[in-house]
There are 4 protein chains.
Amino acid sequence: MVERSEASRRAVLNATLKLLGVTGSGPGTNVQKLTIEAIAREAGVSKATIYRWWTSKAEVVFEAFVSDYLSHTSVREDLPALDALRDHVHAVVERYAGQEGRIVAQMIAEGQYDQTVLDQFMNGFWRGRREAVVALIERGQVEGSIRADADPALIATLVYAPIYQRLLLRDAPLDAEFADEIVTLALAGAGEVTSRHAL
Amino acid sequence: MVERSEASRRAVLNATLKLLGVTGSGPGTNVQKLTIEAIAREAGVSKATIYRWWTSKAEVVFEAFVSDYLSHTSVREDLPALDALRDHVHAVVERYAGQEGRIVAQMIAEGQYDQTVLDQFMNGFWRGRREAVVALIERGQVEGSIRADADPALIATLVYAPIYQRLLLRDAPLDAEFADEIVTLALAGAGEVTSRHAL
Amino acid sequence: MVERSEASRRAVLNATLKLLGVTGSGPGTNVQKLTIEAIAREAGVSKATIYRWWTSKAEVVFEAFVSDYLSHTSVREDLPALDALRDHVHAVVERYAGQEGRIVAQMIAEGQYDQTVLDQFMNGFWRGRREAVVALIERGQVEGSIRADADPALIATLVYAPIYQRLLLRDAPLDAEFADEIVTLALAGAGEVTSRHAL
Amino acid sequence: MVERSEASRRAVLNATLKLLGVTGSGPGTNVQKLTIEAIAREAGVSKATIYRWWTSKAEVVFEAFVSDYLSHTSVREDLPALDALRDHVHAVVERYAGQEGRIVAQMIAEGQYDQTVLDQFMNGFWRGRREAVVALIERGQVEGSIRADADPALIATLVYAPIYQRLLLRDAPLDAEFADEIVTLALAGAGEVTSRHAL
DNA sequence: CGATAAACGAGACGGTACGTCTGGTCTTGTG
DNA sequence: CACAAGACCAGACGTACCGTCTCGTTTATCG
């Protein structure tokens, strides 16, 4: 009868973002150290309300992060495919270098312990981004800037895998230089037909 | 002066492996759900003893796993570089498909919350494997099967990143087919000089 | 405008009796463990409806119990006073030995925490019974079987106090033998004139 | 190895007494409204410590009250039995009129919901007092001031039952006048041989 | 006979306490 | 003096009820 309070929902999500350090000033907490009690306290909401609507802490974090904060790094349609790809990779790398990256990393970490968390992350976040990149590569093939006989999915993997590796293993910084390398690498083999002709 | 009890150390490490399901029969626990208390109980050792010698649960796991269980998938010296690389990737992928992969994934997950854990993992485990692959690629360049103008480090990234992505994101199975794809992909651009000549 | 729903009232009272184990089969609950929520659930009634008409759980229990279940153990008018007293005490003791006794005990218990509950119990239940006994004793005095110089109120206390003590302290069973003892005791001093003459 | 901390035990018991209003200034709480959390908070003790050593709130209250606060209203040996009885009843009634009475009443109330609480009360508190009174009555019989053919246990009941009734039902005040009445009543029948001779 | 106003079911909500659990520290013997 | 045994404080867990508060939705008079 009485429908869900949007105010409470927002309070929970905002409190979660605040505690994670996404918004506000403080340094923020781990997802792991983030507690439901703290969210409830910060949000001025009852614990029961959180448990009523979310089944796990990770679900709250995911909703807070993905649906309310994360900008779906878009792919530009107005650029040639190669340029759009380069632009997209730069944008992703730049974002992942900051707080957003830390939270994505922690969601993946949570997913190692809870398959449903990983599923949610993959379906609600990762899949969409990847498909946008695959579509972009296919556009590149139509445009003739990417070899038509290369598998777009594999190229997408070549683009994304190093980003996630660096995000998670932190073996080197996520910076613009790295973004350039990635695109170059991914297209070195399957890549730019014209430049290959120049070889 | 009573020096550190090697018996206690072994008891702790063995208990850890048992509880993680690495040895013994049971299904094993998460690293996350693994508790110091349970280790102490299983090992017949006092909690204080564990805290005295290890600073975190992850450190115990790492020591138990890396120094006592993990086989350092070696690189074969008796094969041509390309074959050795292919062999190595197959071996890694096969191992990561099992329990070993789950624990590596969980150590990386823990590392997202604790930099020292990640450092330990990178220095004690990952770095060595990667350097072996880099060396292998350099051997391939000397042997002439890999283009000399390619950066061995980048190729190593092209090899490993997709493996870790699949290990952590579980978007597709870690199997022999995948191992083949990786090698092919990684060498597509920077790869086999001979095949490029055929273009 | 719309008057109180008798159907809801009955549903609440019946649900209360059922949950207390007074009616139905099950073992029943404590008054303490009985919850408004459970009553509402069982009765198919909104919590608000209960709170609208009753101020406390104890009030619901009292109404359910007293006005709908409790038989007002009556005093027989057709017997000589002494026989009627004996009959009454036996009846009370017998009833208190069962479920009725447990609930009376629990209402008194609730009354220790809430004066209004105790008031309600005293006014709505206890007072009436006690006055009936006092009247009976006065009849005995008129009939000459009880000494006229004894205070009827004190004798009533001598009759009832041991019953309530046993009900609440459970130091010995509430049985027929006990009922006999009580009457004998209460009348030993102030009691049967004839027997005293025999002294 | 490590034995129970007496400091923690005392802290818990003292906090309990303070919260119940037995010591300190405030108005105090019900036993019912007294919470384990509040005790732990007040005592500066972990909840787990309380649950480790006591199985229920009532047990804590009992131990706090009986073993540390309640003075075991003693029976004077230097007076003739009848005078000692009168003295004892006055003392008990006086104590029960205050905070001590409220807590005894609440322990009995708790006992209506939990047999172990009642057992503990009966064995640890009530039994001892009653036996002292029975012994006193027997002394009176030896001294010749109480009829030898009366059952001391029944007389003890006649003495105590009205006190507990008034304590629990609060139908009339627990005062000195009442104490006098009780003794007179109890001894009216089985009582003072000399006065009976005067009849 | 249709408007209106209370009573009602449903149940969301902020709270509070429950009893359990684990983490990490500290204490007290034992070998 | 390293160790086991384990008591301890701290505080989060997820659950259960509390009593309050909208919400529509009956339902019974009254204009």
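As the structure is a computational prediction, the values presented were derived from the model and not from experiment. Here is how names work: the chains are called A, B, and so on, in the same order as the sequence lines, proteins then strands, and each is numbered from 1.
Among the atoms of the strands shown, base atoms are found under 4.0 Å from some heavy atom of Lys47(D). Within the 4.0 angstrom heavy-atom criterion, no nucleotide atom of any strand lies near Ala40(D). Using a 4.0 Å heavy-atom cutoff across all strands shown, Ala38(A) reaches no nucleic acid atom at all.
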Report task. Starting from the C-alpha separation in whole Å, work towards a yes-or-no answer on side chain to side chain contact (heavy atoms under 4.5 Å, CB included) for Glu59(A) and Trp53(A). Result -> CA-CA 10 Å; Glu59(A) 216 171 73; Trp53(A) 299 110; over 6 Å; no
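Using a 4.5 Å heavy-atom cutoff, the side chains of Arg170(A) and Gln115(B) are in contact. A 4.5 Å side-chain heavy-atom check between Gln32(A) and Glu110(B) finds at least one atom pair inside the cut-off.
Distances shown here put a side-chain N or O of Thr49(B) below 4.0 Å from the OP1 or OP2 atom of dA4(F). For Arg52(B), no side-chain nitrogen or oxygen approaches OP1 or OP2 of dA2(F) to under 4.0 Å. At the phosphate of dG11(F), neither OP1 nor OP2 sits under 4.0 Å from any side-chain N or O atom of Arg41(D). Using a 4.0 Å cut-off, no side-chain N or O of Trp53(C) falls inside it from OP1 or OP2 of dA7(E).
Going from atom CG of Leu34(C) over to atom P of dA16(F) covers 17 Å, rounded to whole Å. Residue Glu42(C) contributes atom CD, which lies 14 Å from atom P of dC17(F) at whole-angstrom precision. Rounding to whole angstrom units, CD of residue Gln32(C) and C1' of dC18(E) are separated by 13 Å. Across the protein-nucleic acid pair, Trp54(C) atom CH2 and dA7(E) atom P stand 13 Å apart, rounded to whole Å. Taking atom CZ of residue Arg4(A) and atom P of nucleotide dG14(E), one finds them 11 Å apart after rounding to whole Å. When the P atom of dC13(E) is taken as reference, atom CD1 of Ile50(A) falls 11 Å away, rounded to whole Å. Separating the CD atom of Glu59(B) from the P atom of dG24(E) is a distance of 12 Å, rounded to the nearest angstrom. The CZ-P distance, from Arg9(C) to dG9(E), rounds to 15 Å in whole Å.
When each of dC8(E), dG14(F), dG19(E) is scored by its nearest atom to the side-chain atoms of Tyr51(D), the top-ranked nucleotide is dG19(E). Listed nucleotides: dC17(F), dT25(E), dG9(E). Nearest to the side chain of Ser8(C): dG9(E). Side chain of Glu37(A), nearest nucleotide from dC13(E), dA17(E), dC13(F): dC13(F). Listed nucleotides dA10(F), dC8(F), dA16(F) differ in distance to Ser46(D); the shortest reach to its side chain belongs to dA10(F).
In terms of position along DNA chain F, the nucleotide closest to Ala48(B) lies nearer the 5' end than the nucleotide closest to the other residue of the pair Ala48(B) and Val45(D). Each of Ala43(C) and Lys33(D) was assigned the nucleotide of DNA chain E with the nearest heavy atom; the assignment lying further toward the 5' end belongs to Ala43(C). DNA chain F is contacted by both Gly44(B) and Thr55(C); Gly44(B) maps to the nucleotide lying nearer its 5′ end (nearest heavy atom per residue).
A salt bridge links Glu63(C) with Arg9(C); the closest basic N to acidic carboxylate O contact falls under 4.0 Å.
Using modelled atom types, no side-chain atom of Lys47(B) and backbone atom of Ile39(B) make a donor-acceptor pair closer than 3.5 Å.
No hydrogens or angles were tested; on distance alone, nothing pairs the side chain of Thr35(D) with the base of dA17(E) as donor and acceptor under 3.5 Å.
Rounding to the nearest 0.5 angstrom, the gap separating the CH2 atom in Trp54(A) from the CD1 atom in Ile36(A) is 9.0 Å.
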